[in-house]
Amino acid sequence: MYQLSNLKKAIKKLLSEHDIDENIAFRISSIVDYDFQINNLVKYQSHPNIKQIITSIEKIIKNEKAIEEFEITEKYFINLKINIESFLKIYENIREVIKIHNSNKIILDYGGPNIGKPLHVGHLRSLNIGRSLYNINSLAGNKVQSDIHMGDWGMPIAQIIGYLEKHDLDIEKLSIDDLEEVYPNASKLYKEDDEFKDYSQSINKRLNENDKGLIKKWKKIKIISTESIKKILNLLNHNFDIWMGESDVNGLIPELIQDLDKKGKISIDNGAYVSNFKSEPKILITKSDGSYLYLTTDLATVINRLEKNDFDKTLYVVDKRQKLHFEQLFDSLDYFEFEKREYEHISFGTINDANGNPFKTREGDTKKLSELFEETCHYIKKINPELDEETNNILANTVLTFSDLITNRMTDYKFDLDKFTNISGKTGIYVQYALVRAKKLLKSSSINLNNVNLNISDFDESDINLIRGLIKFEYYFNLALENNEPHHLADYLYELSNLFNSMYQNQNILENKKETIKLNKLMITEYFISYSTLLMECLGLVPVKKM
RNA sequence: GCGCCUGUAGCUUAACUGGAUAGAGCAUCUGACUUCGGAUCAGAGGGUUGGGGGUUCGAAUCCCUCCGGGCGUGCCA
């Protein structure tokens, strides 16, 4: 942590003089009176020089200006309390403080909508997590590019075209609603009817070979679909820097296969190309009819990015059921000797239905995001019928985002509209309310806070609690950044909002007879507004002006 | 079959990646209030972290085993 980096270095150096190599880590103290704790020493309870080490550490901490109080327990837990002056310095430069030293160029691959199918509940987490990681990384100083990675190729498309042909449906007259009806039917037929299955597969193969007639049909479908996807993404406040799709890299595949074959990296097995990389199960590169698979396309996508995008790292925000696929992809990138880059699968748990079964992504009978959005808007409108449309929309997005991001991404959770739209408790509505309330307070006070100084001796418990909450910003930000886990920040935002509401409710601020107390509280309110806004930015939430 | 994940309060879940007395929200009960926005605040009860064993200063977390749930697994993405 920036705010204690000198202390960290000093302790590490001291320990190394005793031949102890420890990476000093700060945690949130589990003792209420303290802010942070260091636990590295606990394991050296029986070290011969422990007493001497502790004495030296005490001296080091006493010299650290940011520390107001500290204690070292019998078991050598070190508890630290940060002083408020030091917080103020961090506060003023918080956007600099959270920047990392060596910034990275990152491609964030998320969203992954499929053409021919509406965005549905199954896309929600990838979109929410992806957007949040985009914002968090950008704030940390990384150069981030998002790529929506459209599912615009492969069997689903072949099935749709096959179905349209079989039923003599005119693609030129097709509407998005028609199209969305076709896919579930086509998918069903594919599973039940062998003849249709063979037919679809032949279409897939011909598409891979760039059959002109089919490409024309495919293009039309893609245009209709993309238009509809952009509309809903816009409504949900999602933007992407790169709109590449699986189809865009199709042309790179023949050369890739040829190349790998020549290098002896792949060989034919039952008509299909299989990687020679030792693994169980074996990694299938192409189908036995020569057509391409998910993995083939993903490999080609990497080739394309290596050529066209400057990046150090790619994050794939895709659900955890695809773990094996990404292991195979990453193993292959290595084995096939692609230029070295860092790759990571940011996996997340499935959203289950009321019965605890995962939402099916290919059956077409899941709730569309557009419907979910409408329902959420409607629910919020019921709470406050006075809301204008813009505010209503922002609140609906807040609910759909916050409820999703509050859960650890690896956890499977039940999709529950009541939970998503619950107005009381740990919700997006709550954090928006606290911020609106804080802003209104400052406005009503009509006081210019520019040259106001805090009067620390006049602080009451609720003031101190909020400030001590704010001190932890950097800690939670780093936690979220390093682990690609936005939920730490969502939880922290709730905690701060709760602390603010506590202070607000504790006593009437504007009518306080003592001017210094009033100014203290208004200043603290300003700190809260600033951090809350920053946290919302991290999470992809837009603050409302009123509600 | 093999591989991976998972089980925490009535419900939904957190736990800083092995740290101290397992934290929250919902629901339930109690209190504050003609409010600077009550879409609020304060408080209470509720836990053998699925069971058993092990590793060590210390285990929800690591290992073994049993029980329950899920996912993946060569021609979907």
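Residue numbering restarts at 1 for every chain, and letters A, B, ... go by the order of the sequence lines. When reading the values below, keep in mind they use all heavy atoms of this one structure, side chains included, and skip hydrogens, waters and symmetry mates.
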Identify the pairs formed between an N or O of the protein and an N or O of nucleotides 28-35 of chain B at a distance under 3.5 Å, and give each distance.
none

(request) Give the C-alpha distance, both sets of side-chain angles, the deciding distance and a yes or no for salt bridge (charged side-chain N to carboxylate O under 4.0 Å, His left out) between A/Lys222 and A/Asp152. (result) CA-CA 7 Å; A/Lys222 179 163 176 175; A/Asp152 60 355; 2.7 Å; yes
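- Applying the salt bridge (Lys or Arg N to Asp or Glu O under 4.0 Å) test to pairs two or more places apart or on separate chains, those with a residue in residues 486-512 of chain A are A/Lys426-A/Asp491.
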Show me the protein contacts with nucleotides 57-60 of chain B, counting only N or O atoms at under 3.5 Å.
unit_1, atom_1, unit_2, atom_2, d
B/rC57, O2, A/Gln45, NE2, 3.2

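- Note: CE (A/Met410) to P (B/rA15) measures 12 Å, nearest angstrom.
- Annotation for A/Phe196: atom CZ counts as buried by contact number, over 12 foreign heavy atoms lying within 6.0 Å.
- One N or O donor and one acceptor, one from the side chain of A/Ser288 and one from the base of B/rC75, sit under 3.5 Å apart.
- A salt bridge links A/Arg321 with A/Asp319: the closest approach of a Lys/Arg side-chain nitrogen to an acidic carboxylate oxygen falls below 4.0 angstrom.
- Side-chain N/O atoms of A/Asn501 include one lying less than 4.0 angstrom from OP1 or OP2 on B/rC41.
- Considering only side-chain atoms of A/Leu324, the nucleotide from B/rG72, B/rC76, B/rA14 that sits closest is B/rG72.
- B/rU48 takes the anti form, because its glycosidic angle lies more than 90° either side of 0.
- Summarising the local packing, NZ of A/Lys282 is surrounded by more than 12 heavy atoms from other residues, nucleotides or ligands at distances under 6.0 Å.
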(request) With pairs defined as Watson-Crick or G-U wobble and both distances under 3.5 angstrom, please note down RNA chain B as a dot-bracket string, | for pairing with another strand. (result) (((((((..((((.....[...)))).(((((.......))))).....(((((..]....))))))))))))....
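- Distance CG (A/Leu489) to C1' (B/rA14): 14 Å, rounded to an integer number of Å.
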(request) Please lay out, stage by stage, how A/Leu441 and A/Leu510 fare under the test side-chain contact (heavy atoms from CB on, under 4.5 Å). (result) CA-CA 8 Å; A/Leu441 176 66; A/Leu510 295 183; 3.9 Å; yes
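- A search for side chain to side chain donor-acceptor pair (under 3.5 Å) contacts involving A/His123 returns nothing, not counting sequence neighbours.
- Contact check on A/Asp33 versus A/Lys81 returns no salt bridge, with no Lys/Arg side-chain nitrogen under 4.0 Å from an Asp/Glu carboxylate oxygen.
- No hydrogens or angles were tested; on distance alone, a donor-acceptor pair under 3.5 Å links the side chain of A/Asp269 to the base of B/rG74.
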Can you give me the N/O atom pairs linking the protein to nucleotides 24-26 of chain B at distances under 3.5 Å, or say none if there are none?
unit_1, atom_1, unit_2, atom_2, d
B/rA24, O2', A/Lys426, NZ, 2.9
B/rG25, O2', A/Lys426, N, 3.3

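- If you measure from atom CG of A/Asn204 to atom P of B/rC76, you get 9 Å, rounded to the nearest angstrom.
- Aromatic ring centres of A/Tyr430 and A/Tyr494: separated by under 6.0 Å.
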